[in-house]
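First comes the structure, then the notes that go with it.
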Amino acid sequence: MEVEKQLQIIKSNVAEIISEEELVKKLKKKRHLRIKLGIDPSGSEIHLGFSVVLRKLRQLQDLGHTAVIIVGDFTGMIGDPTGLSKTRPKLSREQIKKNMAKYKEQILRILNPEHTEFTYNSEWLGSLTMFDFIELASKYTVARILERDDFSQRLKQGIPVYMHEIIYPLCQGYDSVAIKADIELGGTDQKFNLLVGRELMREFNLEPQVVMTLPILEGTDGVRKMSKSFGNYIGITEPPAEMFGKIMSIPDELIIKYFELTTDAFPHRIEEYRTALREGSINPRDVKFELAKTIVRMYHSARAAQKAADDFERTFKKKGVPKHIKEYISKKKEMGIVDLLVESGLMHSRSEAKRKIREGAIDIDGKSVKDIGLKIKLQKPIIIKAGKHRFLKVKSR
RNA sequence: GGGCAGGUACCCAAGUGGUCAACGGGGGCAGACUGUAAAUCUGCUGGCGAAGGCCUUCGGAGGUUCGAAUCCUUCCCUGCCCA
């Protein structure tokens with residue numbers, strides 16, 4: 001494909017490219033570029049926020065380039081301080097190993113396995129000697145590391161910054177040297193780390209990588225970056241109903257951004273939505289509904305998407321009961337409502353169960369439960385609704 | 001190594017002998033409302049108990065006291081200043 005055309009595709013939805021001229025130069029060489037993406041093995045679930053970067057990587061693969069995934073097993077033991085106001089917990093080797101197995105499978109749902117290399121950065125970082133390391137450390141100054149917002153802010157606020165955290169950007173940068181990256185991808189919050197890689201490559205007499213940053217996707221709270229630790233994420237392997245509901249809970253203002261960054265919807269379609277929303281000629285709910293269907297279809301199937309949509313309609317619009325709900329089989333034929341709520345796992349403690357009953361949050365077969373002493377007979381299955389969207393079918397055996 | 005300031009529930013943070021299961025905010029959950037699990041308003045947010053009430057919790061361990069998150073001793077941890 002012509003360089004111009006490639007560039008146009010590459011640039012779509014990208015936040016920043018440093019630098020475009022260098023990128024063009026690399027593209028003109030007509031070889032398979034090595035696109036680096038570092039992943040942090042602290043989690044085992046990939047969410048839509050991370051899919052933004054992965055999808056861009058996939059796009060590059062489709063243009064003939066090679067994805068080099070660097071599993072930060074070594075740096076994972078340090079914990080990336082980016083965006084954190086405190087030190088991140090370090091990971092054990094076993095944990096990392098376990099996480100990675102699941103991770104890889106999920107990544108390959110988005111990436112093309114044939115053009116994906118997986119490497120672990122312990123391969124080179126683990127064998128550096130103290131001597132090598134000091135050599136590496138001598139290539140960057142303390143002041144430059146401390147320029148970073150996270151660090152300077154923490155220092156200002158008197159929050160601890162540990163030695164190993166300062167070293168993190170260097171390690172990540174060295175990864176680029178080790179694999180001779182042509183391009184490195186990351187979220188805009190990774191810009192600093194990515195630039196360190198550029199600089200280190202130059203120090204090691206390599207052609208510096210092009211840095212390409214992608215917008216950060218806000219999570220379901222609509223404010224903070226989508227992240228597992230904030231609990232505002234939508235995982236790509238979540239069950240259809242769960243996924244659908246979570247997408248419906250994002251604030252209206254994010255609908256278009258989600259469409260652009262996380263879906264394969266056609267650009268002209270997204271433009272139509274954007275215009276309609278701005279003019280108020282369409283109910284945002286309906287656009288969000290489409291968004292939810294699109295995403296569920298991408299990660300599950302068209303059928304699953306339709307089913308999730310139907311269930312959502314039934315549950316929330318018509319306040320009914322979804323078709324497919326979890327079942328719990330009780331050993332007893334009769335028991336108090338409080339015990340049942342705890343035993344079935346709907347509530348964490350008896351106190352909580354009682355609270356929720358008093359709040360009117362518990363329905364049985366559509367009738368609100370008001371009495372905490374209520375005895376439940378399980379001759380036939382009953383349906384418990386806890387709050388707005390948790391349903392459980394209970395029967396005894 | 002020395003001096004000073006700190007460590008409170010999921011997070012931030014008030015509380016300096018009893019009225020403290022601990023103000024307030026965030027988050028979470030729930031109710032109302034709605035266009036959706038958006039927005040907004042209201043309530044709840046340690047455990048056990050039907051309830052009176054009881055039990056566990058304020059960095060750890062001891063101690064003083066009728067009684068401690070609050071006082072004392074000691075240990076651990078963090079920040080700042082000095083070396």
Side-chain angles (χ1 to χ4, degrees), chain A residues 83-89 151-163 165 218-234 238-259 273 276-277 280-296 308-322 325 335-339 341-343 345-363 367-375 384-391:
Chain A
L84 291 184
S85 53
K86 54 182 157 191
T87 310
R88 183 181 271 204
F151 290 147
S152 58
Q153 259 178 34
R154 277 207 261 163
L155 283 175
K156 222 181 290 164
Q157 288 169 22
I159 299 167
V161 174
Y162 290 86
M163 294 291 291
E165 300 184 86
E218 289 83 355
T220 51
D221 58 2
V223 181
R224 292 178 299 179
K225 171 189 180 183
M226 185 179 286
S227 145
K228 194 149 190 189
S229 43
F230 294 146
N232 63 354
Y233 70 99
I234 303 170
E238 292 195 54
E242 204 72 19
M243 202 182 247
F244 199 97
K246 281 189 179 181
I247 296 163
M248 288 305 285
S249 78
I250 66 167
D252 293 350
E253 307 80 67
L254 286 177
I255 296 174
I256 294 300
K257 189 168 183 183
Y258 267 62
F259 254 120
Y273 285 139
L277 282 172
S281 59
I282 190 168
N283 185 337
R285 194 212 86 111
D286 295 333
V287 185
K288 216 193 282 183
F289 206 78
E290 280 312 306
L291 174 68
K293 265 165 85 170
T294 307
I295 295 175
V296 174
D310 290 345
D311 269 352
F312 191 86
E313 284 277 289
R314 193 173 295 118
T315 315
F316 299 106
K317 218 167 173 180
K318 298 171 190 147
K319 303 228 182 244
V321 178
I325 58 179
M335 63 198 306
I337 176 67
V338 173
D339 290 312
L341 286 171
V342 176
E343 195 192 290
L346 279 169
M347 297 289 149
H348 297 294
S349 69
R350 297 173 55 77
S351 297
E352 188 192 2
K354 277 179 258 184
R355 257 198 315 271
K356 291 288 173 265
I357 292 169
R358 291 196 183 101
E359 286 173 0
I362 309 297
D363 283 16
K367 279 194 289 285
S368 181
V369 176
K370 288 273 177 279
D371 175 17
I372 52 175
L374 185 70
K375 288 263 181 274
I384 302 180
K385 181 175 161 221
K388 285 193 200 33
H389 61 278
R390 293 168 71 204
F391 292 89

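Chain naming here is simple, since letters A, B, ... match the order of the sequence lines and numbering starts at 1 in each.
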With rounding to whole Å, what would you report as the distance between B:U34 and B:C41 at their C1' atoms? 12 Å
Expressed as a whole number of angstroms, how long is the span from A:Ile250:CD1 to B:A39:P? 11 Å
Sort out the partner of B:C71 for me: Watson-Crick or G-U wobble, both distances under 3.5 Å, none otherwise. B:G63
Please give the distance between the C1' atoms of B:G52 and B:G59 as a whole number of Å. 35 Å
Pick base, sugar-phosphate or nothing for A:Phe289, based on heavy-atom distances below 4.0 Å to the nucleic acid. nothing
Suppose you measure atom C1' in B:G63 against the same atom in B:G17; what distance do you get, rounded to whole Å? 15 Å
Using whole Å, what does the distance between atom P of nucleotide B:A51 and atom CG of A:Asp371 come to? 11 Å
Flag side-chain contact, heavy atom, 4.5 Å: A:Glu165 against A:Arg154: yes
Determine whether A:Ile357 and A:Leu374 make a side-chain contact, defined as any pair of heavy atoms from C-beta on separated by less than 4.5 Å. no
What about A:Asp286, does its side chain sit under 3.5 Å from the base of B:G35 through a donor-acceptor pair? no
Determine the interatomic distance between C1' on B:A14 and the same-named atom on B:C66; round to the nearest Å. 28 Å
Can a salt bridge be assigned to the pair A:Lys356 and A:Glu359 using a cut-off of 4.0 Å between side-chain N and carboxylate O? yes
Could you tell me the Watson-Crick or G-U partner of B:A50, where both distances fall under 3.5 Å? Say none if there is no partner. none
Check the distance between B:A37's P and A:Glu313's CD and give it to me in whole angstrom. 12 Å
Flag the pair A:Glu290 / A:Phe259 as yes when at least one side-chain heavy-atom distance between them is below 4.5 Å, and no otherwise. yes
Between B:C58 and B:G6 - C1' atom distance, rounded Å: 14 Å
Distances under 3.5 Å only, N/O to N/O: pair up the protein atoms with those of nucleotides 28-30 of chain B.
from  : atom 1 : to       : atom 2 : distance (Å)
B:C29 : O2'    : A:Lys356 : NZ     : 3.1
B:A30 : O2'    : A:Glu359 : OE1    : 3.3

Check whether any side-chain heavy atom of A:Ile255 sits under 4.5 Å from a side-chain heavy atom of A:Tyr273, and report yes or no. no
With a 3.5 Å distance limit and no angle check, can you tell me whether A:Lys246 reaches the backbone of A:Tyr233 through a side-chain donor-acceptor pair? yes
For nucleotides 75-81 of chain B, print each protein N/O atom paired with a nucleotide N/O atom at under 3.5 Å, atom names and distance only.
from  : atom 1 : to       : atom 2 : distance (Å)
B:G79 : O4'    : A:Gly158 : O      : 3.4

Only pairs with both distances under 3.5 Å count, Watson-Crick or wobble alike; so what is the partner of B:A38 in this structure? none
Judged by atom type as modelled, is there a donor-acceptor pair below 3.5 Å linking the side chain of A:Asn232 to the main-chain atoms of A:Arg224? yes
Among the nucleotides B:G35, B:G47, B:A37, whichever has the atom closest to the side chain of A:Arg355 is B:G47
Which residue lies toward the 5' end of RNA chain B, A:Asn283 or A:Val342, if each is placed at its nearest nucleotide? A:Asn283
Measure CG/A:Leu341 against P/B:C48 and give the value in whole Å, please. 12 Å
Should B:A9 form a Watson-Crick or G-U wobble pair with both distances under 3.5 Å, which nucleotide is its partner? none
5'-most contact on RNA chain B: A:Ile247 or A:Arg358, nearest heavy atom basis? A:Ile247
With a 4.5 Å heavy-atom cut-off, do A:Ile362 and A:Met347 have their side chains touching? yes
Would you say that A:Thr315 contacts A:Phe391 through its side chain, given a criterion of any heavy-atom pair below 4.5 Å between the two side chains? yes
In whole angstroms, how far is the P atom of B:C48 from the CZ atom of A:Arg350? 7 Å
Say you pick atom P in B:G67 and the same atom in B:C55; how far apart are they, in whole Å? 14 Å
Counterpart base for B:G1, defined by Watson-Crick or G-U wobble contacts under 3.5 Å: B:C82
Using whole Å, what does the distance between atom C1' of nucleotide B:U34 and atom CG of A:Asp252 come to? 12 Å
For A:Ser351, answer base if it contacts any base atom (sugar-phosphate contacts may also be present), sugar-phosphate if it contacts only those atoms, and nothing otherwise; contact means non-hydrogen atoms under 4.0 Å. base
For the residue pair A:Phe312 and A:Phe244, categorise the inter-ring angle as parallel (less than 30°), tilted (30 to 60°) or perpendicular (more than 60°). tilted
Here the distance between atom P of B:A39 and atom CD of A:Glu253, to the nearest Å, is 9 Å
Any strand counts, and the cut-off is 3.5 Å on both contacts for Watson-Crick or G-U wobble. Which nucleotide pairs with B:U19? none
Do the side chains of A:Ile234 and A:Glu242 get nearer than 4.5 Å, heavy atoms only? no
Less than 4.0 angstrom between a side-chain N/O of A:Arg285 and OP1 or OP2 of B:U36, yes or no? yes
So CG of A:Asn283 and NZ of A:Lys288: to nearest 0.5 Å the spacing works out to 9.5 Å
In whole Å, measure the gap between the C1' atoms of B:U42 and B:C20 for me. 26 Å
Below 4.0 Å: OP1/OP2 of B:A38 and any side-chain N or O of A:Lys288: no
Say we look at B:C82 and B:G27: how far apart would their C1' atoms be, to the nearest angstrom? 41 Å
Would you say a side-chain N or O of A:Ser249 is under 4.0 Å from OP1 or OP2 of B:A38? no
